[in-house]
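Here is the structure we will look at.
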Amino acid sequence: MPPPAPSRLLAVLSARPPPPLCRLLQLHAHLLTAGLISSPSPPAFASSLVAAFAHSDDPRHGPRPLLHALALLASLPSPPDSARPYNAALRALSLYAHRGLVPRCLPLYRSLLLSARPDHLTFPFLLKACACLQDRRYGEAVLGHVFRLGFHADVFVVNAAVHFLAVCASMVEARRLFDQMPVRDLVSWNTLIGGYVRRGVPGEALEVFWRMAEDGTLAPDEVTMIGVMSGCGQLRDLELGRRLHGYVESNGVRCTVRLMNVLMDMYVKCGDLERAKSVFERIDGKTAVSWTTMIVAYTKFGLMDDARRVFDEMPERDAFPWNALMAGYVQCKQAKEALGLFHEMQEAKVRPDEITMVNLLSACSQLGALDMGMWVHHYIDRHRLSLSVTLGTNLVDMYSKCGNIEKAIHVFKGLPEKNALTWTAMLCGLANHGRADEAIQYFQRMIELGLQPDEITFIGVLSACCHAGLVKQGREFFSLLVSKYHLERKMKHYSCMIDLLGRTGHLDEAERLVNTMPMEPDAVVWGALFFACRMHGNITLGERAAMKLVELDPSDSGIYVLLANMYVEAGMKKKADKVRVMMRHLGVEKVPGCSCIELNGVVHEFIVKDKSHMDTDAIHDCLHEITQQIRHTANMIDIYATG
DNA sequence: GTAGGGTTAG
């Protein structure tokens with residue numbers, strides 16, 4: 001195609017949509033030979049050409065035209081004195097289509113400043129890029145320019161600024177700017193509501209929404225309702241969610257797929273699976289997010305078969321639904337299924353990501369599958385997946401739960417970034433391995449670093465004290481938890497503390513604590529008290545604890561056996577027999593104990609007195625031998641310790 | 001031509 005006449009050139013370049021890429025390249029060559037984009041020709045041609053390349057976002061070409069525009073802009077002998085080509089490039093860069101290119105916005109703005117004056121279109125793009133990059137310092141400098149150049153009354157610019165502040169600074173700052181706006185439009189309100197929701201302050205978001213409704217000049221649109229519904233979900237306020245759902249349906253708010261997705265999520269969070277399902281069924285053109293949200297919905301209600309069915313019905317699956325289903329299996333303690341799903345995922349050639357690895361490690365921790373866990377660690381290294389805090393924490397947790405505490409410590413020490421959860425995982429690991437002193441040291445170190453412990457951290461230190469019989473320290477932690485760290489004592493804290501008091505013979509104090517607990521003691525609490533009574537020969541209290549255990553779960557055979565054993569140990573044969581008779585009368589059967597072991601990456605399950613293996617006899621001989629050796633060693637230690 | 005929104009993870 002011959003080049004157009006010079007008078008037509010600008011019009012051709014400015015056409016929307018722009019000419020195809022091959023045509024643009026021809027025009028570029030033409031302009032070069034005609035000397036129209038070299039100094040001292042007017043920069044209009046260069047500007048239009050850059051803008052045309054930047055707007056040419058045909059997905060088939062990927063970021064190529066955009067990169068071409070950037071190169072062209074950088075190579076011009078005289079840089080354009082208009083913001084237009086820069087704006088076009090900023091627009092294309094900040095559309096997030098090519099996430100990796102967003103950082104290029106900043107140097108581009110710097111070169112714009114050298115030759116031209118930013119205008120009302122420059123700032124929305126640039127602030128969006130700053131928000132996307134979470135670059136607070138740069139964004140604040142840009143805000144300085146906004147005010148100096150007098151754009152503080154441009155509603156587009158200020159909306160983008162409110163968004164930037166909400167993402168990178170704080171809601172207080174975003175709110176201050178919002179309050180100062182002379183004119184606000186719907187986007188201003190939506191930005192503020194969305195900001196509060198993203199920061200997890202749904203109460204404020206709804207407050208803003210009510211104020212907007214009172215004001216009455218602007219009608220909420222689907223974006224408003226997405227924010228508000230998400231807020232209802234966070235608040236777990238089903239009543240309000242339903243009312244606002246009604247509002248959406250009767251006020252002609254566009255029911256986009258995105259809004260329907262949030263509605264589903266709100267119902268799930270508020271515990272109404274049926275309504276979530278009915279919204280899902282009514283979605284026309286379900287997206288991957290719709291399907292994934294429904295999978296998550298079922299997993300949250302423990303309905304793993306339904307989750308799997310939705311997963312299978314899904315037309316196309318990226319890593320998200322795989323991860324969601326896998327996380328569901330992990331949460332429902334079906335770790336074997338989680339690992340099985342991972343193998344399917346590999347067969348389906350879906351690339352696992354960081355979150356897949358997090359799920360896999362949790363599954364390994366549950367199973368004690370060290371070989372598989374090490375394979376995951378190796379996989380992370382080999383594929384250079386970024387070792388995020390969460391992933392690192394899970395690695396530490398996996399190694400310690402799978403029995404290799406040394407490796408857990410080694411990984412912990414090498415982590416580039418650690419947070420309170422990482423420290424908590426390490427400290428709980430040490431506690432579970434009986435290394436109480438170190439666990440407590442880690443706790444102190446973590447406090448020195450200014451990290452905030454949570455409820456789990458205290459379970460760690462309390463169980464450390466429990467293992468080591470450190471009553472005084474245990475009492476101290478138990479009290480600090482509330483007085484200094486303002487945390488709530490949970491069932492697990494009480495059971496730890498009662499176990500500690502009981503083991504060390506403070507039975508009265510343990511009983512007092514059981515009686516003053518703010519919640520109904522569970523089987524673990526009574527079990528700990530029972531164990532202590534048996535250990536210290538307090539039959540009366542032991543009987544009471546055992547009766548409570550029977551009440552809590554009459555079908556659990558274990559407690560009858562333990563109670564009978566306690567009587568035998570105390571020389572009360574008759575009472576022991578009575579318990580056994582009672583057990584027979586009640587028809588309580590012993591449930592066979594079940595355990596599992598990982599061998600060469602395969603997890604095997606087996607039950608008590610399992611004779612299914614062909615070498616059963618040899619295995620039991622070997623086990624007998626090991627038990628004897630342990631007994632012998634324990635005796636020797638006893639002799640040395642007491643003698 | 002510019003700004004705002006949802007899903008996966010200990």
Side-chain angles (χ1 to χ4, degrees), chain A residues 14 16-18 51 54-55 83-84 87-88 90-92 94-95 119-128 131 151 154-164 166-167 174 184-195 197-198 205 221-231 233 256-266 268-269 286-297 299 318-328 330-331 353-362 365 388-398 401 419-422 424-425 428 454 456:
Chain A
S14 313
R16 289 291 172 269
H55 278 108
R84 205 177 131 241
N87 291 346
L90 284 171
R91 172 186 171 272
S94 64
L95 280 177
D119 66 12
H120 65 116
L121 292 175
T122 311
F123 292 114
F125 297 134
L126 190 59
L127 287 166
K128 186 175 178 168
F151 287 109
D154 183 307
V155 79
F156 277 84
V157 174
V158 183
N159 285 344
V162 172
H163 176 236
F164 160 76
V167 171
R184 300 183 198 106
D185 65 3
L186 188 54
V187 175
S188 323
W189 291 90
N190 290 351
T191 308
L192 198 66
I193 293 172
V197 168
R198 194 166 335 97
D221 69 353
E222 74 276 10
V223 179
T224 323
M225 297 318 291
I226 284 171
V228 170
M229 284 302 177
S230 173
T256 57
V257 178
R258 287 171 148 199
L259 178 51
M260 305 273 274
N261 291 343
V262 182
L263 265 169
M264 273 170 73
D265 181 57
M266 181 274 291
V268 175
K269 288 206 169 85
K286 299 177 178 68
T287 62
V289 174
S290 324
W291 290 96
T292 308
T293 307
M294 199 61 230
I295 293 172
V296 174
T299 66
D318 60 2
F320 265 74
W322 290 93
N323 289 344
L325 190 62
M326 212 182 289
V330 171
Q331 277 153 21
D353 61 12
E354 234 181 275
I355 287 154
T356 320
M357 297 299 130
V358 169
N359 288 326
L360 277 179
L361 288 171
S362 303
S365 301
S388 65
V389 189
T390 312
L391 195 49
T393 304
N394 271 269
L395 268 175
V396 170
D397 192 52
M398 182 278 292
K401 289 214 175 103
N419 63 17
L421 300 179
T422 324
T424 297
C428 289
D454 65 4
I456 313 284

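Predicted model, so just to flag it, every value in this text is computed and none were measured. Letters go in sequence order (proteins before strands), and every chain restarts at 1.
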### Message
Counting only side-chain nitrogens and oxygens, does A:H120 get under 4.0 Å of the OP1 or OP2 atom of B:dG1?
### Response
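Answer is no, no contact under 4.0 Å.
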
Check whether any side-chain nitrogen or oxygen of A:S362 sits under 4.0 Å from OP1 or OP2 of B:dG10, and answer yes or no.
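For B:dG10, OP1 or OP2 has a side-chain N or O of A:S362 closer than 4.0 Å.
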
Quick one: [X] [atom1] to [N] [atom2], roughly how many Å, whole number?
{"X": "A:K286", "N": "B:dG6", "atom1": "NZ", "atom2": "C1'", "value": "17 Å"}
{"X": "A:M294", "N": "B:dT7", "atom1": "CE", "atom2": "C1'", "value": "13 Å"}
{"X": "A:L325", "N": "B:dA9", "atom1": "CG", "atom2": "P", "value": "11 Å"}
{"X": "A:L391", "N": "B:dT8", "atom1": "CG", "atom2": "C1'", "value": "15 Å"}
{"X": "A:F320", "N": "B:dT7", "atom1": "CZ", "atom2": "C1'", "value": "7 Å"}
{"X": "A:N419", "N": "B:dA9", "atom1": "CG", "atom2": "C1'", "value": "13 Å"}
{"X": "A:F164", "N": "B:dA3", "atom1": "CZ", "atom2": "C1'", "value": "15 Å"}
{"X": "A:M264", "N": "B:dT7", "atom1": "CE", "atom2": "C1'", "value": "9 Å"}

Taking only the side-chain heavy atoms of [X] (C-beta and beyond), determine which of [options] contains the nearest atom.
{"X": "A:P124", "options": "B:dT2, B:dG5, B:dT7", "value": "B:dT2"}
{"X": "A:T287", "options": "B:dT8, B:dG10, B:dG6", "value": "B:dG6"}
{"X": "A:T293", "options": "B:dT7, B:dG6, B:dA9", "value": "B:dT7"}
{"X": "A:L121", "options": "B:dG10, B:dT8, B:dT2", "value": "B:dT2"}
{"X": "A:R84", "options": "B:dA9, B:dG5, B:dG1", "value": "B:dG1"}
{"X": "A:R258", "options": "B:dA3, B:dG6, B:dT8", "value": "B:dG6"}
{"X": "A:K269", "options": "B:dT7, B:dG5, B:dA3", "value": "B:dT7"}
{"X": "A:N261", "options": "B:dT2, B:dG6, B:dA9", "value": "B:dG6"}
{"X": "A:F125", "options": "B:dA3, B:dG10, B:dG6", "value": "B:dA3"}
{"X": "A:I226", "options": "B:dG10, B:dG6, B:dT8", "value": "B:dG6"}

Taking atom types as modelled, find out whether A:S188 and A:T191 have a side-chain donor-acceptor pair closer than 3.5 angstrom.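 No - no donor-acceptor pair under 3.5 Å links their side chains.
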
With no hydrogens and no angle check, just 3.5 Å: does a side-chain donor-acceptor pair link A:S362 and A:N394?
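The answer is yes; a qualifying pair exists.
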
Within the structure shown, what part of the strands sits under 4.0 Å from [X] by heavy-atom distance: base, sugar-phosphate, or nothing?
{"X": "A:V187", "value": "base"}
{"X": "A:S388", "value": "nothing"}
{"X": "A:V223", "value": "base"}
{"X": "A:D119", "value": "nothing"}
{"X": "A:D154", "value": "nothing"}
{"X": "A:D353", "value": "nothing"}
{"X": "A:V262", "value": "sugar-phosphate"}

N/O donor-acceptor pair under 3.5 Å between A:N359 side chain and A:N323 backbone: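 Looks like yes, one N/O pair under 3.5 Å.
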
Between A:N159 and A:V155, is there a donor-acceptor pair closer than 3.5 Å when you use the side chain of the first and the backbone of the second?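 Checked: pair present.
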
Q) Which heavy-atom pair separates A:P124 from A:A160 by the least distance, and what is that distance? A)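 The answer is CA-CB, 3.8 Å.
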
Applying ring-ring contact (aromatic ring centres under 6.0 Å, His included), can you list everything that pairs with A:F123, at least two apart in sequence or on another chain?
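By the ring-ring contact (aromatic ring centres under 6.0 Å, His included) rule, A:F123 matches A:F151.
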
key: Any residue meeting side chain to side chain contact (heavy atoms under 4.5 Å, CB included) with A:I226, in chain and number order, not counting sequence neighbours   =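 Listed in chain order: A:R258, A:L259, A:V262.
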
